[in-house]
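To keep things clear, I will list the structure first and then write my remarks on it.
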Amino acid sequence: MKRLLSNTLLMLSLSIAATAQDATAILHADKPQAKINREIYGQFAEHLGSCIYGGLWVGEASPIPNIKGYRKDVFDALKALQIPVLRWPGGCFADDYHWMDGIGPKEQRPTLRNNNWGGTIEDNSFGTHEFLNLCEMLGCEPYISGNVGSGTVKEMAQWVEYMTSDGDTPMARLRRQNGRDKAWHVKYFGIGNEAWGCGGNMTPEYYSNEFRKFNTYLRDQGENRLFRIASGASDYDYNWTRVLMKNIGERMQGISVHYYTVKDWGNKGKATAFSPEEYYLTLEKCLDVEPVIARHCAIMDSLDSKKKIALMVDEWGTWWDEEPGTIAGHLYQQNSLRDAMVAALMLNVFHKYTERVRMCNIAQVVNVLQSMILTDQKGSGHMVLTPTYHVFEMYRPFQEATFLPMTLKTDSVRTIEGKQVPLISTSAARTQDGNIILALTNTSLTDSKDIAVTLEGIKAKSIEGRILTSKDAKDYNSFENPNIVTPRPFKDAKLKKNLLSMTLPAKSIVVLTIKN
């Protein structure tokens, strides 16, 4: 009788302890799934505002410290981030760009008017050589977006030959004449961009025919093999994906989709001034990317059961009103802790679909939209790392790690539109060195959350971690105060046998390394 009473009290105490948790999770380390492609952490650099000029590129004669014309502080920050792939030259700019204007002696290159972004006059000093050399220096794959909208088949075919031919061909000879003997390795090539909009206002049927025509003449040169990416849908346009899958099929290796967290394109809102209601609406739209990806994947699965064709989310992120006092059309915006939350939540979703989602490119790398880096628009030479940069840096071990499923139970908050936003988001993977990387995000603006994680299939020996948070979700890093939102050590995780418990502060992102 005494033993029965003791067991009853023990079960009661365990029940009380369990109900005291705000969230519970099971990490299934014994059920590994697909590899998380490193290209999911891709970047995007468009000729837009000061992304290229003043961001990546200042020229060798600039008083701002540079490496062969590349801004040194920006280069060093991107090198430290180990970016896997960089998309260029657009975006909408790509279908207005004629690559031959950007080669040869810089003083002889013609200027151009950036018709898509503010009418800015550019001097073309950053072109094919400057981009591909930058990718080599950063150790990342280049992703070229070709001009279908206003270009010709011949122009695109010659570009591929110029970049990748090592033979005695006309374009290879022109490249050598311009100072580059060896061909570059170019894997990813986009045949047009947003063909449904700024890339030509085409129907999916018409674009499918254009893709097939252009693709015919994009010949692989030597050992270089192009990974051909079709201009895919904007978020909810599932018919576009269906038509391209049927009409193009395996002529493409990838199809893109673009997704931004904008709720109202006529009133996008301010980057650093928003209400709690606006904060949760942003996260709601952010998390809606999962059913969007799931539905595109289902369409692709029905026509490509072996998953030969990849889904590329090659533009994604937040998009706010431009900062007051900046140039109209340059899309310069600040980056707050809210943006960091969006980055973490989106990456968590991308991890789950890594069997089909093989590349993602956040928009954009410097000075534009949800950027990694901001440089001083007044030319002082100052640079700041954004909260989004720090998320990408903290999540870096997920690259090439093996995705591990998790079972999560958490409460949620209801938005003013009546939808539920989970207050806890998680993602886990086994890294190449055998450790476990675990990311946990508490989206609540006001409340800390207790979570207990059961570790299945792992004997954990130690834990170390970092946290990204701040006093206010509107906090951001400025040139005057560059370290308001930066990672710091997180030592509150407690491990007892196979149970991991911790308290996640409000509006926080925690990344743990579990060593076994």
Side-chain angles (χ1 to χ4, degrees), residues 2-34 36 341 344-345 347-349 351-352 391 394-398 401-413 420-444 446-469 487-516:
K2 182 181 289 187
R3 177 174 294 179
L4 179 61
L5 180 61
S6 175
N7 288 340
T8 301
L9 291 173
L10 176 60
M11 292 300 293
L12 181 61
S13 65
L14 290 173
S15 175
I16 292 172
T19 57
Q21 301 295 333
D22 297 301
T24 58
I26 303 173
L27 194 163
H28 304 284
D30 53 347
K31 298 178 181 178
Q33 296 187 2
I36 297 173
M341 303 297 285
L345 296 179
L347 290 169
N348 290 352
V349 171
H351 293 169
K352 292 173 63 176
V391 171
M394 291 170 68
Y395 270 56
R396 195 172 58 197
F398 278 104
T402 301
F403 179 74
L404 300 175
M406 293 187 69
T407 303
L408 174 68
K409 291 184 179 180
T410 178
D411 53 355
S412 60
V413 61
Q420 300 290 337
V421 174
L423 291 177
I424 301 294
S425 173
T426 62
S427 189
R430 187 183 298 278
T431 60
Q432 292 178 310
D433 59 8
N435 295 323
I436 304 295
I437 185 82
L438 172 61
L440 308 104
T441 299
N442 177 8
T443 63
S444 174
T446 55
D447 300 326
S448 61
K449 296 293 176 182
D450 295 325
I451 182 169
V453 182
T454 301
L455 307 176
E456 289 189 348
I458 177 177
K459 293 182 179 180
K461 294 180 179 178
S462 64
I463 295 177
E464 58 184 39
R466 291 192 296 161
I467 182 171
L468 186 71
T469 188
R488 65 175 189 268
F490 180 76
K491 300 180 180 180
D492 295 336
K494 298 178 176 61
L495 180 65
K496 189 173 183 180
K497 293 186 178 180
N498 70 328
L499 186 66
L500 175 65
S501 60
M502 73 203 81
T503 299
L504 301 175
K507 54 195 177 306
S508 67
I509 301 162
V510 171
V511 177
L512 302 174
T513 299
I514 304 171
K515 297 183 178 181
N516 59 91

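Note that the structure is predicted; figures quoted are calculated from it, not measured.
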- Task: Applying side chain to side chain contact (heavy atoms under 4.5 Å, CB included), run through I436 and I458 and close with a yes or a no.
- Result: CA-CA 9 Å; I436 304 295; I458 177 177; 3.2 Å; yes
- Message: For a side chain to side chain contact (heavy atoms under 4.5 Å, CB included) check, start with the C-alpha distance between K494 and L500, then their side-chain angles and the critical distance, and finish with the verdict.
- Response: CA-CA 6 Å; K494 298 178 176 61; L500 175 65; over 6 Å; no
- Message: N498 vs T454, test: side chain to side chain contact (heavy atoms under 4.5 Å, CB included). Steps then yes/no.
- Response: CA-CA 6 Å; N498 70 328; T454 301; 3.7 Å; yes
- Pair K449-T410, side chain to side chain contact (heavy atoms under 4.5 Å, CB included): steps then yes or no: CA-CA 10 Å; K449 296 293 176 182; T410 178; over 6 Å; no
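Of the inter-residue distances, the one linking S425 atom OG with L408 atom CG reads 7.5 Å to the nearest 0.5 angstrom. How far NE2 of H351 is from OG of S427: 5.0 Å, rounded to the nearest 0.5 Å. Taken to the nearest 0.5 Å, the CG atom of L404 stands 9.5 Å off from the CG atom of L438. One distance of note links CG of N442 with NZ of K507; it measures 9.0 Å at 0.5 Å rounding. For the atom pair CZ of R430 and CD1 of I36, the computed distance is 12.5 Å after rounding to the nearest 0.5 Å. The distance from atom CG of L440 to atom CG of L504, rounded to the nearest 0.5 Å, is 5.5 Å.
Of all non-hydrogen atoms in A29 and G457, the two that sit nearest each other are CB-O, 3.9 Å. Scanning all heavy atoms of the two residues, the minimum distance from I463 to A493 falls at CG2-CB, 4.3 Å. Annotation for M406 and A25: closest pair CE-CB, 3.8 Å, computed over non-hydrogen atoms. For A428 against F398, the heavy-atom pair with the smallest separation is C-CE2, 3.9 Å. Annotation for I467 and S508: closest pair CD1-CB, 3.8 Å, computed over non-hydrogen atoms. Closest approach of N516 and A460 over heavy atoms only: CB-CA, 4.3 Å.
Using a 4.5 Å heavy-atom cutoff, the side chains of I424 and I451 are in contact. The shortest side-chain heavy-atom distance between L512 and E464 does not fall under the 4.5 Å cut-off. Side-chain contact check for T426 versus N348: every heavy-atom pair is 4.5 Å or farther apart. Contact of the M341 side chain with the I509 side chain is registered, since non-hydrogen atoms from C-beta on lie closer than 4.5 Å.
Checking side-chain atoms of T441 against main-chain N and O of T443 turns up no donor-acceptor pair under 3.5 Å.
For the side chain to side chain contact (heavy atoms under 4.5 Å, CB included) with L468, the lone residue among V510, V511, V391 that qualifies is V391.
Side-chain contact annotation: D433 with T431, donor-acceptor N/O pair under 3.5 Å present. Between the side chains of T513 and N435, no donor-acceptor pair is found at a separation under 3.5 Å. Using modelled atom types and a 3.5 Å distance limit, the side chains of D450 and T503 yield a donor-acceptor pair.
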